[in-house]
Amino acid sequence: MARIRKAQNREEKARQIQWLTAIYIRLSREDGNDESFSVTNQRQRLAAYFESVREEESMQLAGFYIDDGFTGIDSDRDAFQRMLRDLDEGKVNCIIVKDLSRLSRNDWECKRYLQHLFVIKDVRFISLELPRLDSYKRPDDIYDLGVTMQSAYNENHCRETSIKIRGTLNAKRRAGQFIGAFAPYGFLKDPADKHKLIPDPETAPIVQDIFHWYVREGMNKSRIMRQLIELDIPCPTAYKRQCGMKYYNPKATVGEPIWTVMGVLSILQNQMYLGHMVQGKQKVKSYKVHTRVNLPEEDWIICRDTHEPLIDQELFEKAQEIMLRDSRTAPDQKRVYPFSGFLRCAECEKAMCRRPSKNNVYYACRTYSTTKLCSSHSIRHDRLEAIVVKAIQTQVDLIDNLADVIDSINAAPVVRVESKRLEIAQKQKRQELEKATLLRSSLYADWKNGDITRDEYHAMKRQFEQREENLRGELDRLEEKSRVVARGVDSANPYFDTFRKHRGLTSLDRGIVADLIQKICVQEGGGVDIDFTFAAEHQRALEFIESNRDIEMSA
């Protein structure tokens, strides 16, 4: 009887309290397609309950607080935080939810609010189901084992949903489908398929300009940034917002977003402009901690040739090479000097520094200039330029000669049977190798049978092993020749074309140096060694000619 009277007294006291009631509604993707969780369903259910008890319970509606599209795993939700502020200000002292998962799917946070914060602040919490709670009428229920188990189940549901979603997204990434909310700068989502990218006619040319300015015209990243600002070109964040996208950039929250050096750098390093789909560069720490961390490049998901490229491979690789060089711009200059980042001292291999003197410009070893631990290796700019121009002209002539020889080889009728000849030669060598190996293996039996002496066995064994080694070497050379013939060499390839387009060259600019030269080493006394690009292609052309020398002679 005492327990009944206590409950009656509590209900009577509850009717005397003015309950300022917040109806809280939350919906997120982890709720799946369950219609019972929809905002409309929750609102109808909670509003009907409120109307049925408002007079009896002395409730006054403080408002609907709705978080649509917010996960329940953390409390960083707009309406939820606004409700907590109203609670602190005394505008709310009662909260009604459909079920416990609407409050939170984080087990620790759910208990912190339900069993601690709401108790301290005398907030009445009502859950209509899963489980049914009223913390004012039945205060001990919030500590019940069933509440603990339901809260843990709610969190586990979120964990399982996170695993399923992550698996689905990774499968789409591996299939080369774009899954980002916003297309990278320079691209648009294909209207016919949101998982595909197409060039943006407005911004694709700007991406191409950035690469051209950096590689061909010698602008550094800071100068490109200023150029874009001077041309009044909106940065990626500003452009997305101008297009009506609800794009949020945490690094551009103060004032109007503008171009930055890091923004230019991110474009120059982005493989998406090669036509490759690059995704999975970041991950969240866990389904509960949404802090994003960068992944190493080997863990990225890259699918090649999934969309139209904006730049070619050669230009992209050249940009990456230039980034590794010391190519700073002088304070009074708009562009990087032609040789900046390419000059090295032949002795200490350190960079050369540029020094104006009267009407001339000199380059000298940086080690010598700073520590005197090397010699000067000094050379005047005009002399260096003349040497490099002459070397390029010579290289162009050499390319033309190589091209003539290669065309002659490819035009010869006998080239059609070269591959067959090599195939027959390899077969013959393999047979000889197999025979030598078999004879060596039979020597042991001959020795044990007394057909040969021990000394004869060891002597003959060494001879056969040497024979096998020689045959393997010959076989390797034949196989390499076969690979060269199979690959073939055509005089109309990028290696030849890159040099040919500079035929008749009389002066240098940054783009030409970046196109053709890998490194320039300056010797003491003014000697110059030049490492040209396409060294591998050049060697391949020479190997092709060497392997087909007989064809060339007979042509």
Side-chain angles (χ1 to χ4, degrees), residues 20-51 59-89 91-92 94-110 112-114 117-118 123 125-131 133 150-151 153-166 168-169 172 179-182 189 194 240-241 243-250 253 284 286-292:
L20 305 176
T21 306
I23 295 179
Y24 180 68
I25 297 168
R26 185 187 63 77
L27 180 70
S28 72
R29 65 183 182 182
E30 66 220 18
D31 300 313
N33 298 318
D34 192 336
E35 180 60 26
S36 66
F37 285 118
S38 70
V39 170
T40 301
N41 182 282
Q42 290 184 63
R43 186 175 188 129
Q44 291 175 348
R45 176 81 187 279
L46 294 172
Y49 172 80
F50 176 80
E51 290 298 329
M59 288 185 177
Q60 178 181 333
L61 183 62
F64 286 87
Y65 298 79
I66 303 174
D67 281 319
D68 191 356
F70 286 82
T71 180
I73 205 64
D74 60 49
S75 58
D76 188 17
R77 306 169 237 151
D78 295 344
F80 188 80
Q81 291 299 320
R82 180 165 55 87
M83 182 176 70
L84 292 181
R85 289 194 296 271
D86 288 348
L87 186 152
D88 289 337
E89 294 172 5
K91 298 177 182 179
V92 169
C94 178
I95 298 172
I96 303 177
V97 297
K98 176 181 177 294
D99 62 60
L100 197 58
S101 69
R102 300 307 90 196
L103 176 68
S104 178
R105 284 192 183 275
N106 183 315
D107 185 32
W108 180 82
E109 281 198 346
C110 180
R112 181 168 69 92
Y113 290 118
L114 184 61
L117 181 65
F118 294 167
V123 175
F125 178 79
I126 299 173
S127 170
L128 303 189
E129 58 187 51
L130 292 174
L133 295 173
Q150 184 63 48
S151 179
Y153 172 80
N154 291 339
E155 178 174 316
N156 187 63
H157 174 78
C158 193
R159 183 186 69 86
E160 291 178 344
T161 301
S162 175
I163 292 172
K164 293 175 183 177
I165 292 174
R166 193 162 59 246
T168 300
L169 294 180
K172 290 183 176 180
I179 63 169
F182 304 96
K189 289 185 179 181
K194 66 179 181 179
K240 287 182 174 67
R241 293 178 182 175
C243 293
M245 304 179 193
K246 295 180 179 179
Y247 179 75
Y248 170 73
N249 184 351
T253 55
V284 295
S286 77
Y287 72 98
K288 295 174 71 173
V289 181
H290 294 166
T291 303
R292 303 191 71 83

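In this chain, numbering begins with 1 at the start of the sequence shown. What's counted below: heavy atoms across the whole structure, side chains too, no hydrogens, waters or symmetry copies.
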Query raised in the report: Are the side chains of Leu103 and Ile95 in touch, meaning some heavy atoms are under 4.5 Å apart?
Result: no
**Report entry** Distance (rounded to the nearest 0.5 Å) between Met83 CE and Ile23 CD1
**Finding:** 11.5 Å
Report task. Please lay out, stage by stage, how Tyr287 and Thr71 fare under the test side chain to side chain contact (heavy atoms under 4.5 Å, CB included). Result -> CA-CA 10 Å; Tyr287 72 98; Thr71 180; over 6 Å; no
Query raised in the report: Any luck finding a side-chain donor-acceptor pair between Asn106 and Ser104 under 3.5 Å?
Result: no
Query raised in the report: Which atom pair, heavy atoms only, marks the closest approach of Ala22 to Ala62?
Result: N-CB, 4.4 Å
Report task. Taking Arg26 for its side chain and Phe70 for its backbone only, find out whether a donor-acceptor pair lies under 3.5 Å. Result -> yes
Query - Residues in salt bridge (Lys or Arg N to Asp or Glu O under 4.0 Å) contact with Lys194, at least two apart in sequence or another chain - result: none
Query raised in the report: Would a 4.5 Å heavy-atom cut-off, applied to side chains only, mark Ser101 and Leu130 as touching?
Result: no
Query - salt bridge (Lys or Arg N to Asp or Glu O under 4.0 Å) partners of Arg45, counting only residues at least two apart - result: Glu129
Query raised in the report: Less than 4.5 Å apart, any side-chain heavy atom of Gln60 and any of Leu20?
Result: yes
Query raised in the report: What heavy-atom pair brings Lys240 and Phe182 nearest, and what distance separates the two atoms?
Result: CE-CB, 3.7 Å
**Report entry** For Ser151 against Asp107, the heavy-atom pair lying closest together
**Finding:** OG-OD1, 2.6 Å
Query raised in the report: Where is the tightest heavy-atom contact between Asp78 and Asp67, given as atom of each residue plus distance?
Result: N-OD1, 3.5 Å
Query raised in the report: side chain to side chain contact (heavy atoms under 4.5 Å, CB included) between Met59 and Ile126: does it pass, once the steps are laid out?
Result: CA-CA 12 Å; Met59 288 185 177; Ile126 299 173; 3.7 Å; yes
Report task. Begin from the C-alpha positions of Tyr24 and Gln42 and carry the test side chain to side chain donor-acceptor pair (under 3.5 Å) through to its verdict. Result -> CA-CA 9 Å; Tyr24 180 68; Gln42 290 184 63; over 6 Å; no
Query - Reported CG-to-CG distance for the pair Leu61 and Leu46, which is rounded to 0.5 angstrom - result: 11.0 Å
Requested in this report: Run the salt-bridge test on Arg85 and Asp88 with the 4.0 Å N-O cut-off and return the result as yes or no.
Outcome: no
Query raised in the report: What closest approach, in Å, do Cys158 and Arg105 show between heavy atoms, and which atom pair accounts for it?
Result: CB-CD, 4.1 Å
Query raised in the report: Per the ring pair (Phe, Tyr, Trp, His ring centres under 6.0 Å) rule, which among Phe80, Trp108, Phe125 passes with Tyr113?
Result: Phe80
Query raised in the report: In Å and rounded to the nearest 0.5 Å, what is the OG to CZ distance from Ser75 to Arg112?
Result: 6.0 Å
Query - Minimum side-chain heavy-atom gap Glu155-Glu109 below 4.5 Å - result: no
Requested in this report: Any chance you could lay out the side chain to side chain contact (heavy atoms under 4.5 Å, CB included) test for Val284 and Val289, step after step, and finish with the verdict?
Outcome: CA-CA 7 Å; Val284 295; Val289 181; over 6 Å; no
Query raised in the report: If you measure from CG on Leu133 to CD1 on Ile96, what distance do you get to the nearest 0.5 Å?
Result: 13.0 Å
Query raised in the report: Would you say the side chain of Arg159 lies within less than 4.5 Å of the side chain of Asn156, judging by non-hydrogen atoms?
Result: yes
**Report entry** Atom OH of Tyr153: over 12 foreign heavy atoms under 6.0 Å
**Finding:** no
Query raised in the report: So which heavy atom on Pro131 is nearest to which on Gln150, and how close?
Result: CD-CG, 3.9 Å
